[in-house]
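We name chains A, B, ... by the order of the sequence lines, and we start the count at 1 in each one. Predicted model only: the values in this text are computed from it and were never measured.
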Protein chains: 2
Amino acid sequence: MDDGLLLQVYEHPLLSQEELKAICSLHKKVHFQRGNFMLKEGQVAGEYLILEEGLVRSFVHDYNGNDITTNFFSENEIVIEVSSLFQRIPSKENIQALTDCICWKIDFGDFQNLYHSITGFSEWGRAWMSQSLFESKQRAVSMITDSATERYLKLLEEKPSVVQNAPLKHIASYLGITDSSLSRIRKETTRS
Amino acid sequence: MDDGLLLQVYEHPLLSQEELKAICSLHKKVHFQRGNFMLKEGQVAGEYLILEEGLVRSFVHDYNGNDITTNFFSENEIVIEVSSLFQRIPSKENIQALTDCICWKIDFGDFQNLYHSITGFSEWGRAWMSQSLFESKQRAVSMITDSATERYLKLLEEKPSVVQNAPLKHIASYLGITDSSLSRIRKETTRS
DNA sequence: TTCATTTCTTGTCATAGGTCAAGTGGTACT
DNA sequence: AGTACCACTTGACCTATGACAAGAAATGAA
């Protein structure tokens with residue numbers, strides 16, 4: 001099994017080589033085509049994915065039916081809807097492949113067994129989730145303190161592959177602006 | 001020990017009465033005076049609190065030195081800086097009592113012992129954290145889809161005690177607007 | 001009670017970004 | 001080749017909210 005990627009994702013001081021092997025062996029390779037949904041709102045997530053290749057977004061619908069991109073997932077990242085997976089409730093979010101994707105999948109049941117039998121794994125999981133929470137809070141603060149242009153430039157720096165590969169309208173809704181505005185911002189910031 | 005509050009907070013299908021007792025017995029009552037800091041940026045959190053009485057806020061500083069309130073904690077809520085506590089890193093946030101407070105405190109070491117010895121407790125913790133993550137993501141979406149007035153009305157509905165007890169400037173920075181704007185919004189929406 | 005300080009309100013004016021609508025270029029299907 | 005549909009750009013105008021500044025009202029300390 002070609003699991004270099006997984007070893008990197010699960011790297012944690014409390015996890016031994018044997019434990020890592022056990023964890024990795026429960027992942028299966030899966031493919032998604034551009035446009036496919038990994039999770040649709042209303043479904044209960046039964047697994048999560050580790051993205052080896054491709055670009056993914058999550059989004060919700062606002063009351064006007066417009067969709068708001070809530071996150072982008074790039075290579076080496078965990079693609080997951082946490083509330084649905086861990087609280088066993090229907091997802092409010094959709095998760096969709098923006099390009100063809102290669103992923104490693106692990107089922108919730110297998111995950112649970114590891115989580116409750118390997119101390120280091122539950123530590124890893126908690127650390128991962130606290131990092132996600134931190135990033136989410138940062139996003140909210142950025143919406144308050146940064147201008148649209150600053151938010152765009154930050155995204156460009158932190159996830160250049162998103163800016164290069166995602167349609168402008170998805171990037172715009174992620175940044176909290178209209179696509180017209182993003183088009184103007186891009187024009188301004190490119191001309192240098 | 002008067003632990004009705006704690007029993008309510010730790011309510012979870014996988015936790016037995018004995019386990020709940022063990023968990024509650026590791027909490028100690030502590031008091032804070034209005035204005036006191038429960039955590040300052042730069043410190044590593046060594047505990048978390050359950051708020052029995054009072055009102056608390058967390059905040060960060062933006063690059064102009066202004067502070068941005070990132071959250072309010074009301075009675076029965078867990079007052080915590082997740083990243084610092086679980087990743088053992090210095091906090092970027094401050095946590096401060098807005099009124100005199102009565103809390104129940106549990107130390108990180110005691111928490112860890114429970115977390116790794118009681119299956120239901122690690123499930124409870126994960127569920128709690130995934131709920132926090134959900135709320136944080138909702139906040140980011142609300143910043144995008146809702147007007148300032150709508151955000152204010154939502155806060156009023158969800159946490160009326162905050163609107164009644166927190167200074168206007170903290171509420172304003174939490175909502176992502178200036179205090180002048182909030183003052184006008186309040187005037188508009190009150191006149192009914 | 002007085003003075004100082006903070007909190008909140010209100011006014012005027014400025015601006016980032018929204019709305020709506022038209023236009024261009026690309027891609028896919030028939 | 002023609003048609004339909006996206007994705008993106010651009011223009012003209014509008015609006016919510018910010019910036020700044022001056023009061024008023026409340027709070028707290030001496």
d([atom1], [X]; [atom2], [N]) in whole Å:
X: B:Q164; N: C:dT7; atom1: CD; atom2: P; value: 19 Å
X: A:D179; N: C:dG23; atom1: CG; atom2: C1'; value: 15 Å
X: B:R186; N: D:dA25; atom1: CZ; atom2: C1'; value: 14 Å
X: A:N64; N: C:dG18; atom1: CG; atom2: P; value: 14 Å
X: B:E188; N: C:dC8; atom1: CD; atom2: C1'; value: 16 Å
X: A:L168; N: D:dA7; atom1: CG; atom2: P; value: 10 Å

Across nucleotides 14-22 of chain D, 5' to 3', mark each nucleotide with B, S or - according to how protein heavy atoms within less than 4.0 Å reach it.
---SSBB--

Does this structure show an ion pair linking A:R126 with A:E123, if we count only N-O contacts that are shorter than 4.0 Å?
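Yes, charged N to carboxylate O under 4.0 Å.
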
So does B:K105 pair up with B:D110, basic N to acidic O under 4.0 Å?
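Between B:D110 and B:K105 there is no salt bridge, as every charged N stays at least 4.0 Å from the carboxylate O atoms.
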
Output yes when at least one side-chain N/O atom of B:K169 is less than 4.0 Å from OP1 or OP2 of C:dC8, else no.
no

With a 4.0 Å limit, can you tell me whether B:K187 has a side-chain N or O closer than that to the phosphate oxygens OP1/OP2 of C:dT10?
yes

Any non-hydrogen side-chain atom of A:K159 less than 4.5 Å from a side-chain atom of A:E77?
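Yes. Closest side-chain heavy atoms under 4.5 Å.
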
With a 4.5 Å limit on heavy-atom distance, are the side chains of B:F59 and B:I68 in contact?
no

Contacts of A:K21 meeting salt bridge (charged side-chain N to carboxylate O under 4.0 Å, His left out) (sequence neighbours excluded), chain-then-number -> none

Checking A:S136 now: which residues fulfil side-chain contact (heavy atoms from CB on, under 4.5 Å) with it, not counting sequence neighbours?
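By the side-chain contact (heavy atoms from CB on, under 4.5 Å) rule, A:S136 matches B:L133, B:S136, B:K137.
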
